[in-house]
*Asks:* 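Shown below is the structure under consideration.
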Amino acid sequence: LNASDRFRDKNVISALVREISDIRKGLGSACRIMEVCGTHTMSIHRHGLSTMLEDAGVDMVSGPGCPVCITPNGFHEAAIGLLTGRSDLILATFGDMTRVPTGKGSIQKTAPARGSSVKIVYSPDESLDLARAHRDKEIVFFGVGFETTIPSIAVAVRTAAAERLRNYSILSALWTIPPALRAILVSGEIRLSGFLYPGHVSVIIGERPYLFVAREFGYPGAIAGFEPADILLGVRSILRQIDAGRPEVANEYARAVKPEGNAIAQKIMAEVLEPADACWRGLGTIPGSGLKLREKTADYDSARKFGLCVDTAGSDRPGCRCGDVLRGVLSPPECPLFGSACSPDSPQGPCMVSFEGACLVHFKYKAAR
Amino acid sequence: MTKSDRISLELGSGGRTMRDFISGRILPAFADPALEKLLDASHLPGRIAFTTDSYVVDPVVFPGGDIGKLAVNGTVNDLVVSGAEPRFLSLGLIIEEGLEWALLDRVLGSIRRAARVAGVRIVTGDTKVVRQGQGDKLFINTSGIGRVIARPRPEAAKPGDKIILTGTLGEHSVAIMAARGEFGFQADVKSDCAPLNFLLPFWKNGVLWMRDITRGGLATILSELAGDVPHPVLIEEERIPLSRPVRAAADILGIDPLYLACEGRAVLVVPAKKADPVLAGIKRDPLGRKAAIIGEVGGKIGKPGELILRTAAGGHRLLEPLTSELLPRIC
C-alpha cells in the first residue's frame with residue numbers, strides 16, 4: 001500500500017469510525033463539528049464519510065473555507081466593468097471565478113470589449129507570462145485565495161516589481177482564515193462543538209493563529225489533512241478534547257504542518273502584503289481578515305491603477321443563499337434553489353460553482369443509503 | 001444576442017447537457033425508432049449494424065496514436081459493443097488549407113494500419129478542403145457497418161450479475177491533456193486507443209451488455225446502464241484499475257478518473273455464473289490484462305436506477321452522469 005492507499009484503507013477507516021462512535025457515546029449533547037475548509041468538505045463527501053460520521057453521532061457542517069465562494073460579487077462586477085470598459089485588457093483568473101453568477105452575469109458570459117479578453121490560468125505565474133508576452137495589453141490577474149495561495153500571489157507581485165512589468169496588476173481578493181473563525185464565534189449564530197482546521201492553510205500559518213479559539217472561546221480543534229483517515233484522526237482528536245474537557249489546537253497533520261508554519265512563505269507575504277478589513281460573502285466585514293498590497297507595491301493594485309471602486313457586496317442572484325451556507329447556518333440541500341433552479345449547469349451562486357463549494361459538493365457527492 | 005442564444009462547448013461534452021440536446025432537439029426532428037434507441041450503433045434489417053462518428057481531437061498527433069487511429073478504433077468499438085462484427089468503414093476528411101503533406105500521410109498510414117488490425121475495409125470516402133482558419137488542421141468522419149452477432153439485453157440483468165472493466169481508466173484523457181500542455185502538466189502516459197474486437201467472442205458467452213468508455217467516462221456510462229436495469233448497480237472504488245500516472249494526475253488536478261474518457265476500454269455486464277470464465281478470457285488478451293470485476297448488479301444499498309460507489313474508505317455515494325466538462329476536443 002502506498003501512503004494515500006493507507007489513508008483510505010477501509011479497515012483503518014472503520015476502526016477509526018468505531019473509536020469515534022465509542023467516544024461519542026460518552027458525550028452528552030449534540031456533537032457538531034465545522035470543517036472550515038472546502039477541501040475537507042469535498043473529501044468528506046467524496047469518500048462517503050458523511051454518512052459514516054452521522055451514524056456515529058457526529059454532524060459535520062461546512063464553513064467559510066472556499067475562497068471563490070466567500071469573495072463578494074462586487075469583485076466580479078469590477079472585473080466585468082474592466083472587461084467591457086477597456087479595449088486593451090487581458091483578465092487572467094482561475095476557471096471557477098469566471099463562472100460565478102452575479103446580478104450582472106458572470107465573467108464567462110460577458111462579451112469583452114473589442115481588444116480585451118479573458119484567459120483562464122492555473123497559477124499566478126501564468127499571469128506573469130501573459131504580461132511578458134503581451135506588452136501592449138494590460139494584464140489584470142483576478143487573484144483570489146487564502147493563506148494557501150497568497151504566498152504565490154505575493155511572489156508574482158514581487159517578480160512583477162523586480163521586472164518592472166508596468167502592464168501587470170492584481171485585482172486581489174485575499175482572505176485570512178483565523179479572523180473569520182473569530183467572527184463566527186463572536187456571532188454565536190451556530191452551536192458548534194469544535195473546529196476541523198484546514199490542512200493546507202496550516203502548512204503556511206502553523207498552529208498558533210488558532211490558539212484563541214481554545215483559549216478565549218474554549219472550543220476544541222484539530223488541524224487535519226485531506227485523506228479520509230486524516231479527517232477522522234482530526235474528528236477523534238476533537239471528541240477526545242471534548243471528553244477530557246481540555247480544548248486545544250491539536251495537529252493531526254504533522255507530516256505536512258510544522259507548529260510554526262512555513263516561515264519563508266510568511267516572510268514573503270508580510271513583505272508584500274498587509275492586513276486590511278475585508279468583506280466576506282455571508283459574514284460581512286471582518287476586521288483584519290483580508291490582505292492588501294503594501295504602499296511600495298501599490299502600483300500593482302488593479303483597484304488603484306484603474307480607479308476601481310469595488311462595491312463590497314455586489315448584487316447576488318435572487319434567492320441565492322450562499323451566504324447562509326458559508327456561515328454554516330444552512331445546509332445546501334435545505335436551500336430552496338438547490339438542485340432545481342440551481343445546479344452545476346446553471347449555478348445561482350458561487351457555492352455551486354467552485355469545486356470545493358459546499359453546494360457543488362453536496363450536488364456531486366450525494367450520500368447513498 | 002447573448003451567449004445563451006448560441007451553442008456552447010458544453011453541448012459536446014458527452015454529459016447531461018449533450019443528452020438533453022439529443023433528446024430535446026435531434027430525436028424529435030427525425031422521429032425514427034432506430035435512432036431513438038440511442039445505441040452506439042443501430043441494428044437494421046438484414047443483421048446490419050450501422051454507426052457514425054466524427055473526430056476533432058486536438059492535437060492531431062498525441063502519445064499513443066493520432067486522429068487516424070482514433071477515427072478507425074472509435075467507430076470499430078461502437079460496432080463491437082453494440083453486438084456487431086465490424087466490416088466496412090467510410091472515411092470523410094475535412095482538411096484545413098495549409099496542412100503539411102507529411103502529417104496527412106502519417107494519418108493515412110495510421111488509418112491503414114488500424115483498419116488492418118481491426119479487420120475492417122475502407123470502402124468509400126470523401127475529401128473537403130476548407131480555407132485556412134475555417135477548420136483546425138484535420139477533422140475526420142467515419143461511418144461503420146458491421147454484422148450483428150448479438151443483441152444487448154441490459155434489462156435481463158439480475159442481482160449478483162457482475163460488472164467487468166477491461167482495463168485501466170483515463171489514459172486517453174490524461175495523454176491528451178499532457179500533450180496539450182494544459183494545466184502546465186506533463187505525464188508519461190500513452191492513450192489507450194485500441195480496437196476492442198477481442199471482446200466479440202464473449203457475446204457468445206452470455207454477456208448481457210457492453211459499452212466502450214468514451215466521453216463522460218465510466219460513471220456516465222454506468223449511470224445509463226443503471227437506468228436500464230431493474231436494480232441498483234454497485235461498483236467498488238478499490239477494485240477499479242488505475243495506472244500510476246492517471247492516479248497522480250487525478251490527485252494533483254482534482255479530476256475524477258471515473259469521468260475520464262478512454263478509447264480502448266469497455267465495461268460489460270456478465271451473468272454471475274459466467275463472470276469468472278469471461279474475466280479469465282478477457283485477461284488472456286494483451287488489451288485485457290488489467291481487466292477486473294469492479295462491481296455487481298443489485299445489493300442492499302440504493303434503489304433501482306441508482307449507480308452506487310462503495311468508496312475505498314468504505315462509504316457509499318451515488319454516482320451521476322457527467323454534467324459538464326471543460327475538456328473539449330478529446331476525440
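What's counted below: heavy atoms across the whole structure, side chains too, no hydrogens, waters or symmetry copies. Everything numeric here is computed off the predicted structure, so don't read it as measured data. Each chain gets a letter, A, B and so on, in the order its sequence line appears, and its residues count up from 1.
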*Asks:* Using non-hydrogen atoms and a limit below 4.5 Å, what part of residues 302-317 of chain B faces chain A?
*Replies:*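 The list, in residue order, reads B:Gly302, B:Ile308, B:Thr311, B:Ala312, B:Ala313, B:Gly314, B:Gly315, B:His316, B:Arg317.
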*Asks:* Could you work out, with salt bridge (Lys or Arg N to Asp or Glu O under 4.0 Å) as the rule, every residue matching A:Asp55, not counting sequence neighbours?
*Replies:*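 Scan of A:Asp55 (salt bridge (Lys or Arg N to Asp or Glu O under 4.0 Å), adjacent residues dropped) gives A:Arg369.
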*Asks:* Would you say NZ of B:Lys158 has more than 12 non-hydrogen atoms from neighbouring residues, nucleotides or ligands within 6.0 angstrom?
*Replies:*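 Open.
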*Asks:* Counting heavy-atom pairs closer than 4.5 Å to chain A, which one of B:Leu319, B:Leu318, B:Asp256, B:Ile301 comes out on top?
*Replies:*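 When all of B:Leu319, B:Leu318, B:Asp256, B:Ile301 are compared, B:Leu318 has the most.
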*Asks:* Need one label for A:Tyr365: side chain, backbone, both or neither, based on atoms under 4.5 Å from any heavy atom in chain B.
*Replies:*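 Both backbone and side chain.
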*Asks:* If you count every heavy atom of other residues, nucleotides or ligands that lies below 6.0 Å from A:Asn11 atom CG, does the total exceed 12?
*Replies:*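 Counting neighbours around CG of A:Asn11, more than 12 heavy atoms of other residues, nucleotides or ligands fall under 6.0 Å, so yes.
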*Asks:* Please indicate whether B:Arg25 has more than 12 foreign heavy atoms, meaning atoms of other residues, nucleotides or ligands, lying under 6.0 Å from its CZ.
*Replies:*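 Check fails, neighbour count at 12 or below.
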*Asks:* Counting heavy atoms not belonging to B:Lys162, are there more than 12 under 6.0 Å from its NZ?
*Replies:*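 Yes, the 6.0 Å shell around NZ holds more than 12 heavy atoms from other groups.
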*Asks:* Charged N to carboxylate O below 4.0 Å: is that the case for A:Lys366 and B:Glu320?
*Replies:*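 The answer is yes: the pair qualifies as a salt bridge.
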*Asks:* Could you list the residues that satisfy side chain to side chain contact (heavy atoms under 4.5 Å, CB included) with A:Ser237, not counting sequence neighbours?
*Replies:*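 In terms of side chain to side chain contact (heavy atoms under 4.5 Å, CB included), with neighbours along the sequence ignored, A:Ser237 is linked to A:Ala222, A:Gln241, A:Ala250, A:Glu252.
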*Asks:* Within a 6.0 Å radius of atom CZ on A:Arg132, are there more than 12 heavy atoms belonging to other residues, nucleotides or ligands?
*Replies:*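 For A:Arg132, atom CZ is crowded (more than 12 foreign heavy atoms under 6.0 Å).
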*Asks:* Taking side-chain hydrogen bond (donor to acceptor under 3.5 Å, both in side chains) as the definition, give me every residue that meets it alongside A:Arg46, ordered by chain and number, with sequence neighbours left out.
*Replies:*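 Expected list: none.
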*Asks:* To the nearest 0.5 Å, how far apart are CZ in A:Phe355 and CG in B:Leu253?
*Replies:*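 So the CZ of A:Phe355 and the CG of B:Leu253 are separated by 10.0 Å.
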